[in-house]
Each structure stands twice: as C-alpha cells, then as structure tokens.
*Asks:* 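Dropping a structure here in structure tokens format, bear with me for questions.
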Amino acid sequence: MLNRTSPLYKCLKTIKFICSLLFYITIVTIFSTGCGDSQNQLNVFTWPGYISEEIRSGFEQEFGVKVILDTYGSNEDLLAKLKAGASGYDIIMPSDYMVSKMIQLDLITKLNHDMISNFDKISPDYLDKYFDPDNNYSIPYTFGTAGIAYDSSVITSVVDSWNVLWDKNYKNQFSMLDDPRETPGAALKLLGFSLNTKDINQLQQAKQKLIEQRELVKQYKNEAEELLISGDVVLAHCWSGDAFRAAEKRPSIKYVIPKEGSSQFIDNVCIPKAAPHVQLAHSFIDYLLRPEINAKISTFTMYGTCVPAAKEYLPKKLLEHEYIYPSKNTMDSLEWLKDLEDFTQKYSRAWDEVKAN
Ligand code: SPD
C-alpha cells in the first residue's frame with residue numbers, strides 16, 4: 001500500500017490528473033467540431049462516375065486533407081437532399097437548370113473568384129450561360145448530351161429516332177433514364193414538343209406515351225454503362241459520356257442524338273450555402289480547373305472539357321470525337337432544360353404516375 005504523503009503516490013496522482021484532462025480535451029474537441037468532422041475534410045456530393053480515384057487522392061495528397069465522396073442520381077434528388085437540410089456538403093455538381101433553381105432558393109454560395117486563380121482558363125463558350133450570367137455561383141465541370149446508345153452488332157437497322165425506344169421488338173432489351181425531366185423530355189421531343197413545355201396537354205400526351213412504353217422497358221437507370229457492356233440491354237436512353245465509356249469496353253456500342261432533337265447540359269461545381277469548409281472548397285474548384293487535372297477529368301468521364309489548355313494533355317481520340325463535340329448543326333437542334341418553377345410539380349407528378357403504372 002502506498003503512503004499518501006510519499007513522492008511516488010503524488011507522482012501517480014499527477015499522471016492520473018493529466019490523463020483525465022487529456023481525455024476531457026479530446027471529447028470536447030470531437031463534439032465541438034461536429035462529432036468527428038474534421039476541418040481537414042472536403043465533403044463532395046456528385047454524380048456517379050464523375051470524380052476518379054486519381055483526382056480524389058491527388059487532391060488529398062497535395063492539400064493534406066481527406067476527400068469524402070457521396071453520390072446522387074438526379075438533380076431532383078440533390079435538391080431534395082439540400083432542401084431537407086443536408087448541411088455537411090462542401091461541393092455539389094448541379095446541372096444548368098438546377099443551378100438557376102438553387103440560386104433562386106438561396107441554396108448555393110456566391111463564389112470568391114479571387115480564390116479561383118484558374119478561372120481565366122475556362123473557355124468563354126461555357127461561361128455566362130442563361131442559368132448563371134457572370135458565373136457568380138457556378139463553375140462549369142463537364143458538358144454533354146442525352147441520346148440513345150445501341151449495340152450495332154445486334155441492331156443492324158438505322159437508329160436515328162426516339163421511336164426505336166417504343167419498338168415492341170426490343171421489349172425488355174433497353175433501359176431509360178430514371179430522370180423526371182430527361183425522360184418526359186425524350187417523349188416530348190418524339191411528339192414534336194419542347195422539353196420545357198408548360199402546356200399541360202402536351203405533358204399529358206408525353207405521360208401517356210411513357211405509360212405505353214412502360215411494359216417494354218427493362219430498367220429505368222441513370223448509369224447505363226454497365227448494362228450496355230454486359231449486354232443486359234442493347235439500347236439505352238443515356239448521357240453521352242456513359243455511352244462513350246461503354247463503347248470503350250464494347251466497341252460495337254454506338255451513340256446517336258435522335259433526329260427529333262434532345263437535351264444538352266453543363267454540369268457545374270457549386271458550394272452549398274451551409275458548406276463547412278468554404279475555403280477548401282474554393283481550392284478544390286481551382287484544382288479541378290488546372291489543365292492537366294481537367295484533362296484527367298475529361299479522360300475519365302468522357303465528357304467535354306471546358307478548359308481549352310487541357311486539350312494538350314488529352315488523347316487524340318477524345319479531342320474531336322463526335323460523341324463529345326457534336327457538329328454545330330446537331331448542337332443547334334438541342335435544347336437546354338430550364339427551371340419550370342411551379343410547373344415543375346406537374347412533371348414530377350406525371351413522372352411518378354409513369355413509374356407507378
Ligand atoms: N455519370 C455522370 C452523369 C452525369 C449526367 N448529368 C447530366 C444531367 C443532365 N440533365
């Protein structure tokens with residue numbers, strides 16, 4: 001038994017006190033920084049297949065931070081998450097019409113252009129668009145189109161119209177995008193209407209068309225790449241990058257923009273209003289705009305680069321490929337999706353009814 005007055009007893013007591021103090025400081029630190037959330041962490045909420053491991057780990061190593069990726073399937077899913085109060089994200093990647101909606105709803109932060117030294121590397125072709133004139137809130141990440149991918153070793157007839165996705169011969173052999181704007185948009189285009197129509201009659205016709213198609217569809221899915229590569233589907237309503245990536249693995253896959261027209265998009269990098277790491281988010285945006293990094297993004301996603309200097313680092317096959325850079329005529333035939341304000345609910349309802357059938 002140790003004597004309470006002995007030097008050894010006093011020494012052990014001091015050590016015990018220091019240990020308790022350290023334990024207390026650790027607990028306080030963890031809770032005051034948000035239950036384990038670190039200042040050295042960037043939380044990115046993006047589309048699947050948009051940030052490669054190389055881009056993620058490159059930023060982590062250079063900046064000494066951790067990058068956590070989470071994904072969403074559609075602009076509407078992203079919006080719903082933010083509106084429900086998700087507050088931990090530092091970076092999000094909404095498309096054009098969703099940027100304007102988020103500005104209007106005050107969900108995204110004004111960017112500090114002084115912290116984005118590579119801003120002037122962006123081509124003016126992708127700046128000052130209708131959804132964010134002056135790019136106060138958004139930086140273009142990639143651009144692309146929606147269309148039809150098909151396996152030319154199976155489908156030998158000409159594929160040039162949305163009609164092929166209503167052909168009973170392909171029952172259970174194709175997928176459609178699972179998107180409340182793109183999918184009604186394809187039906188609207190087939191019917192000769194704008195994919196931004198606010199005419200309820202036209203929207204009802206498109207809904208009926210999609211209900212009629214329902215029993216033919218194998219799957220509603222936004223990432224058609226794997227389905228096409230595995231041969232699970234021989235046709236897919238999809239975005240251009242996903243078709244191009246599938247074609248890399250299965251060269252008989254081709255991609256076409258239907259003659260009735262389709263949509264084009266720019267996906268953008270934005271910082272949500274409640275982002276915990278705003279400064280780091282600006283550094284990440286600046287990093288993405290470095291030409292050699294941007295070339296890696298284009299090579300990985302197979303969407304177009306908005307940074308002309310990145311082309312120096314791109315493989316030849318990605319430089320002028322028609323899947324990425326369609327002709328001016330084709331681009332002129334394409335529409336941008338627009339925020340339809342209150343009428344958006346009618347699209348969501350129509351889409352829910354299609355899926356429920
Ligand atoms: N695999 C990434 C797909 C990203 C597509 N975003 C397009 C949105 C068009 N409205």
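Note that the coordinates shown come from a computational prediction; the quantities given were computed from them, not determined experimentally. Every number for a ligand or one of its atoms is a count from 1 in the order of the listing.
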*Asks:* Quick one: do the Y50 and T142 side chains pair a donor with an acceptor below 3.5 Å?
*Replies:*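 Yes - a donor-acceptor pair under 3.5 Å links their side chains.
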*Asks:* Numbering the atoms of ligand 1 from 1, which are under 4.0 Å from a heavy atom of D267?
*Replies:*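 Atoms satisfying the 4.0 Å criterion: 4 (C), 5 (C), 6 (N), 7 (C), 8 (C).
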*Asks:* W239 and ring pair (Phe, Tyr, Trp, His ring centres under 6.0 Å): which partner among F143, F244, W47?
*Replies:*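 Considering F143, F244, W47, a ring pair (Phe, Tyr, Trp, His ring centres under 6.0 Å) with W239 is found only for W47.
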*Asks:* Could you tell me, atom by atom, which parts of ligand 1 come under 4.0 Å of a heavy atom of E182?
*Replies:*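 Near E182, meaning under 4.0 Å from one of its heavy atoms, ligand 1 has 9 (C), 10 (N).
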*Asks:* Under a heavy-atom criterion of less than 4.0 Å, does E223 contact ligand 1?
*Replies:*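 No.
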*Asks:* Which of the atoms in ligand 1, numbered in the order shown and given with their element, are less than 4.0 Å from a heavy-atom of S95?
*Replies:*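 Ligand 1 atoms under the 4.0 Å threshold to S95: 8 (C), 9 (C), 10 (N).
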*Asks:* On the 0 to 90° scale, with breaks at 30° and 60°, tag the Y347-F343 ring pair as parallel, tilted or perpendicular.
*Replies:*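 Ring orientation, 0 to 90° scale: perpendicular.
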*Asks:* With under 30° as parallel and over 60° as perpendicular, where do the rings of W336 and F131 fit, or are they tilted in between?
*Replies:*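 Tilted: the ring planes of W336 and F131 meet at 30° to 60°.
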*Asks:* Report yes if some N/O of Y303 lies less than 3.5 Å from some N/O of ligand 1; otherwise report no.
*Replies:*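 Not met; the criterion fails.
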*Asks:* Check each atom of ligand 1 against the heavy atoms of D242 and keep those under 4.0 Å away; list them by number with element.
*Replies:*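 Those qualifying, in numeric order: 1 (N).
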*Asks:* Identify whether NZ of Lys or CZ of Arg in R245 sits under 6.0 Å from the centre of the six-membered ring of Y303 and within 45° of that ring's axis.
*Replies:*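 No, R245 and Y303 do not form such a contact.
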*Asks:* Would you check the N or O atoms of P48, main chain and side chain alike, for any that come under 3.5 Å of an N or O of ligand 1?
*Replies:*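 The answer is yes, given that P48 and ligand 1 share an N or O pair closer than 3.5 Å.
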*Asks:* With the side chain counted from C-beta on, respond yes when L165 and Q213 share a heavy-atom pair under 4.5 Å apart, and no when they do not.
*Replies:*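 A side-chain contact under 4.5 Å exists here.
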*Asks:* May I ask you to list the atoms of ligand 1 that are less than 4.0 angstrom from any heavy atom of Y50?
*Replies:*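 Counting atoms of ligand 1 from 1, those under 4.0 Å from Y50 are 2 (C), 4 (C).
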